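Just so it is clear, the structure is predicted and the values come from calculations on it, not from any experiment. Throughout, residue positions are numbered sequentially from 1 according to the sequence presented. Indexing begins at 1, ligand by ligand and atom by atom, following the structure's order.
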Amino acid sequence: MTSQMNFYDRVSVLILDSGIGGLSVYQEMQKLLPHIYYIYCFDNEGFPYGEKSEIFVSEQIVKIMTAIQKKHLLNCVIIACNTASTTALPILRAHFSCPIIGAVPAIKPAARITRNGVLGLLATPETIKRPYTLDLIKRFAKNCQVELLGTSELVYLAEKKVRGIKIPINTFKKILQPWLNLQKVPDTIVLGCTHFPFIINELQQVFFNASMVHSGTAIAKRAFSLIGSQQNTSAHSFKNKAYCVKKNCETESLYPALEKYGFSILEELSL
Ligand code: DGL
């Protein structure tokens, strides 16, 4: 085998989100699948997806995947966004032939571990309204009281935190106040947005007794079952690549974080 691996031989995975949220899924993927060529794409033009229509989000992701597939041969795609996954997965699977894994709220595991029977689903305003989400609750948490909190404010705060901006804990408390006022406060909180693992410490400070559940590990396990055996050999180290849809000062402020997660190249993707 030559030391230069053929472009088409390397196993490549695309992780896609509107912003930095998908990096929380990437962290989990890295643990199980370290020898993969990762392509990270954040749709900063469409951000925040949690305030966009279902049609907009689906069409935007079809455009992005089409543009990326012109540049890369993909072995697997992770839609690392609950807002997109709860609406677009059937459309994407009909359009593209490579395996597509989605991120959906981890209601089922949360319902198994709650002690007081109160679950909190923290997600974007769109995710909490989706029939897919409501169906998950009906199927897996019918014996629980499920409190829904849809907020884009926390999404923006996670974006800020990853850019190194400090946020006072009171800002989080204000947003989460509706749950603090409840007679029975959720003891299990589903992080139904991939941005939220980045603010888990702050959430834990507000709900110090609550268990936080997200779908990152489950997504990585699913990906491992699909492509684990095809991993590139450790001898080949690739420089992971990131794409955004529009380069601007906001994307520049993300360089240190992207670098930290192993994405040292950031390119603009024209759709
Ligand atoms: N990270 C996305 C999710 O999991 C949402 C962020 C947004 O609103 O764009 O839902």
Using the six-membered ring wherever Trp is involved, compare the ring planes of F263 and Y40 and label them parallel, tilted or perpendicular (cut-offs 30° and 60°). tilted
Can you say whether the rings of Y37 and H72 are parallel (under 30°), tilted (30 to 60°) or perpendicular (over 60°)? tilted
Checking H214 side chain against G216 main chain: does a donor-acceptor pair fall under 3.5 Å? yes
Note the single closest protein heavy atom to [atom], along with its residue, its atom name and the distance in Å.
atom                    : result
atom 6 (C) of ligand 1  : S18 OG, 3.4 Å
atom 8 (O) of ligand 1  : G50 N, 2.8 Å
atom 10 (O) of ligand 1 : T83 OG1, 2.5 Å

Would you say ligand 1 has an N or O under 3.5 Å from any N or O of T194? yes
In terms of atom number and element, which parts of ligand 1 are under 4.0 angstrom from non-hydrogen atoms of F47? 9 (O)
Atom indices of ligand 1, in the order listed, that fall short of 4.0 Å to a heavy atom of T124: 5 (C), 8 (O), 10 (O)
Heavy atoms only, cut-off 4.0 Å: how does [X] contact ligand 1, side chain, backbone, both, or neither?
X   : answer
P48 : both
D17 : side chain
Y49 : both

Would you indicate which of T151, I79, N82 comes nearest to atom 4 (O) of ligand 1 when only heavy atoms are counted? N82
If you count the non-hydrogen atoms of other residues, nucleotides and ligands that lie under 6.0 Å from CD1 in I55, is the total more than 12? no
Do F47 and Y156 make the cut of ring centroids closer than 6.0 angstrom? yes
Qualifying residue, where the test is side-chain contact (heavy atoms from CB on, under 4.5 Å) with R130 and the options are N82, T87, D135: T87
Just by distance, with hydrogens left out, do Y49 and D43 show a side-chain donor and acceptor under 3.5 Å apart? yes
